[in-house]
Trainee: 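Dumping the structure here so I can ask a few things about it.
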Amino acid sequence: MRVTVLGAGYVGATSAVVLAYLGHEVTCVERDAVRLECWRSGSDPLSEPGLAELRAVRDVCFVDDASAIASADVIIVAVGTPMGSIGEPDLSQLDGAVAQIQAFARTGAIVLMRSTVPVGTCDRLQSGPLRHQSVVSNPEFLREGHAVHDALFPDRIVAGGREEARSVVEELYRRVINGEDLFGGDGGRRVVPVFWMSARSAELAKYAANGFLATKLSFVNEIANLAQTVGADASAVLASMGSDPRIGPQYLRPGLGWGGSCFPKDTRALQSIADGAGYDFVILRAAIEQNRRQLARFASAIEMAMPRRSAVGMLGLAFKAGTPDTRESPAVALARLLIRRGLRVSAYDPAVRKLPEEPDVVVRSTILEACQGADGVVIATEWPEFAKVELSEVRHVTRGDLLFDGRELIAPSRAIAAGFRYQGLSGFAD
Ligand code: UGA
């Protein structure tokens with residue numbers, strides 16, 4: 001099939017590269033000249049594992065000219081829908097993409113909406129500017145750092161729109177749906193279920209999944225906090241919960257709260273959808289509030305233990321391990337809060353070399369450089385290298401003996417043996 005993808009961010013570029021690998025003829029349109037040049041020159045601005053290897057098998061044609069839409073059987077919309085000023089998604093990039101489709105798309109072409117958009121958007125486009133095309137909501141469930149894997153081996157494909165578009169969508173993903181032995185797979189064939197529904201349902205299914213995962217994490221963080229108050233061991237409680245298949249072991253790691261370019265934006269958007277419909281989504285509201293408090297609580301604990309002007313060695317800046325992405329990163333938000341409260345922050349992150357938007361955070365090149373002379377060390381991102389660090393070496397370069405573990409990466413006994421006073425999410429350990 002001939003496919004044109006609009007947007008070469010991590011959803012668009014990953015979708016484009018994976019579809020080319022599956023045998024489709026794919027053009028990807030990107031209007032940002034710097035990003036476009038990056039893709040054209042063969043480099044990978046996303047550092048997504050596996051992307052370069054797939055491109056070596058069969059590449060995508062990256063262009064800036066939207067007229068490639070004219071020859072497409074399927075047009076994929078994968079532009080950003082960032083958070084607007086009052087929590088609602090900003091749809092200006094989507095409006096631009098729709099105008100391009102209107103200008104070039106042939107009658108009957110399928111428009112796949114991969115961007116996360118408010119419920120009702122596809123219906124509105126179908127009955128309005130894209131009435132000559134068939135608009136299908138096809139949300140993505142790609143995790144940053146695992147996007148290629150998640151695109152080739154999804155748990156499910158969710159799509160919704162007119163029934164006549166279904167066979168085209170199934171043909172587009174046929175090799176994935178059939179569980180073919182694709183790049184990076186373990187050879188275990190598994191047919192991927194396709195959930196075909198109305199466009200509105202598919203749009204809500206995306207928000208529901210992210211909203212539920214975020215709520216699960218907020219609940220987990222509440223349990224970790226409560227464990228401290230009642231003298232229980234959070235890790236034992238959570239591990240036992242996870243062995244119940246109805247709960248499951250994933251997304252049970254407590255931390256500084258959830259961040260990234262998706263959960264914060266999508267939970268706020270879901271709340272704004274509910275508000276707009278006059279529905280009080282009380283659990284979601286609480287999950288968002290809990291997430292704000294989680295970070296503030298940890299920041300207060302640090303502030304109470306460290307006098308003003310103290311130096312913090314911060315380990316981690318990315319919003320999670322495995323990505324250089326610092327958008328809505330709890331680690332960066334924590335650094336900002338600490339600086340606002342009069343502390344000084346030197347940070348190290350294996351994937352983040354500079355942080356221009358936070359000039360007061362000094363970014364160092366190694367763990368030891370970031371911790372040199374620090375009064376306290378803070379673990380803010382769950383990078384495996386922080387779990388493995390030789391703590392006595394770190395203690396050797398710090399001035400103070402405080403270790404705040406915002407990701408519960410270090411066993412308290414190990415920290416204490418290295419000469420630190422350890423505080424996890426659940427308070428101080430002796
Ligand atoms: C998330 C979803 O997991 C994807 O399915 C979805 O497609 C994507 O958003 C999106 O909407 O595009 P991602 O933002 O890459 O993917 O991040 P996650 O790996 O889900 O992590 C989100 C946040 O939860 C991070 O801050 C992470 O540190 C935190 N987290 C995750 C925890 O604190 N504990 C956990 O056990 C798991």
Side-chain angles (χ1 to χ4, degrees), residues 7 9-15 46-49 78-83 89 113-117 138-151 153-158 202-225 234-235 238-239 241-242 247-270 287-288 290-292 294-295 298 316-334 349 351 379-384 386 405-409 425:
Y10 101 99
V11 173
T14 306
S15 303
L46 303 176
S47 319
E48 276 294 333
V79 295
T81 51
M83 202 185 319
M113 187 63 68
R114 293 289 266 169
S115 299
T116 302
V117 293
N138 175 214
E140 52 79 22
F141 302 99
L142 312 176
R143 292 163 300 163
E144 280 188 39
H146 301 269
V148 168
H149 175 273
D150 292 348
F153 310 103
D155 305 311
R156 78 289 204 192
I157 289 174
V158 173
E203 287 163 342
L204 185 57
K206 164 69 186 200
Y207 285 116
N210 276 2
F212 183 82
L213 291 170
T215 305
K216 183 178 182 183
L217 288 173
S218 284
F219 187 90
V220 162
N221 286 332
E222 294 272 51
I223 291 292
N225 299 343
S235 55
L238 292 167
M241 274 168 67
I247 296 173
Q250 294 189 52
Y251 283 74
L252 282 188
R253 232 182 27 248
L256 296 178
W258 33 270
S261 65
C262 303
F263 282 6
K265 158 178 94 73
D266 291 351
T267 45
R268 293 290 301 278
L270 185 55
I288 294 169
Q290 196 289 328
N291 201 48
R292 189 193 62 74
Q294 187 68 10
L295 190 75
F298 196 68
L317 288 168
F319 84 94
K320 65 174 184 179
T323 172
D325 198 342
T326 57
R327 284 176 293 173
E328 298 282 328
S329 168
V332 174
L334 178 64
D349 187 292
I379 299 178
T381 307
E382 71 280 23
W383 285 102
F386 300 156
D405 185 356
R407 297 290 187 164
E408 307 255 296
L409 271 193
L425 293 163

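Just follow the structure's listing: the first ligand is 1, and inside any ligand the first atom is 1.
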Trainee: Check each atom of ligand 1 against the heavy atoms of E382 and keep those under 4.0 Å away; list them by number with element.
Mentor: 28 (O)
Trainee: For atom 8 (C) of ligand 1, which of L142, L213, N291 has the closest heavy atom?
Mentor: L142
Trainee: At a 4.0 Å threshold, what atoms of ligand 1 neighbour a non-hydrogen atom of D266?
Mentor: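 Result: 11 (O).
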Trainee: Once you measure the plane-to-plane angle for Y251 and F263, does it fall in the parallel (<30°), tilted (30-60°) or perpendicular (>60°) bin?
Mentor: tilted
Trainee: To the nearest 0.5 Å, how far apart are NZ in K320 and CH2 in W258?
Mentor: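 These two atoms lie 14.5 Å from each other.
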Trainee: Of the choices H146, E408, E144, K320, which has the non-hydrogen atom that lies closest to atom 17 (O) of ligand 1?
Mentor: K320
Trainee: Out of L217, L238, D150, T323, indicate the one that has the non-hydrogen atom closest to atom 32 (C) of ligand 1.
Mentor: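 The option holding the nearest heavy atom is L217.
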Trainee: Is there a side-chain contact between E140 and K206, using heavy atoms and a 4.5 Å cut-off?
Mentor: yes
Trainee: Specify the protein heavy atom at minimum distance from atom 20 (O) of ligand 1: its residue, its atom name, and the distance to 0.1 Å.
Mentor: Y251 OH, 2.5 Å
Trainee: With heavy-atom distances below 4.0 Å as the criterion, list the atoms of ligand 1 near K206.
Mentor: 6 (C), 7 (O), 10 (C), 11 (O), 12 (O)
Trainee: Can you tell me if F212 has over 12 outside heavy atoms packed within less than 6.0 Å of its CZ?
Mentor: no
Trainee: Should one rank R143, E140, R114 by closest heavy-atom distance to atom 12 (O) of ligand 1, which comes out on top?
Mentor: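 Among R143, E140, R114, the closest heavy atom to atom 12 (O) of ligand 1 comes from E140.
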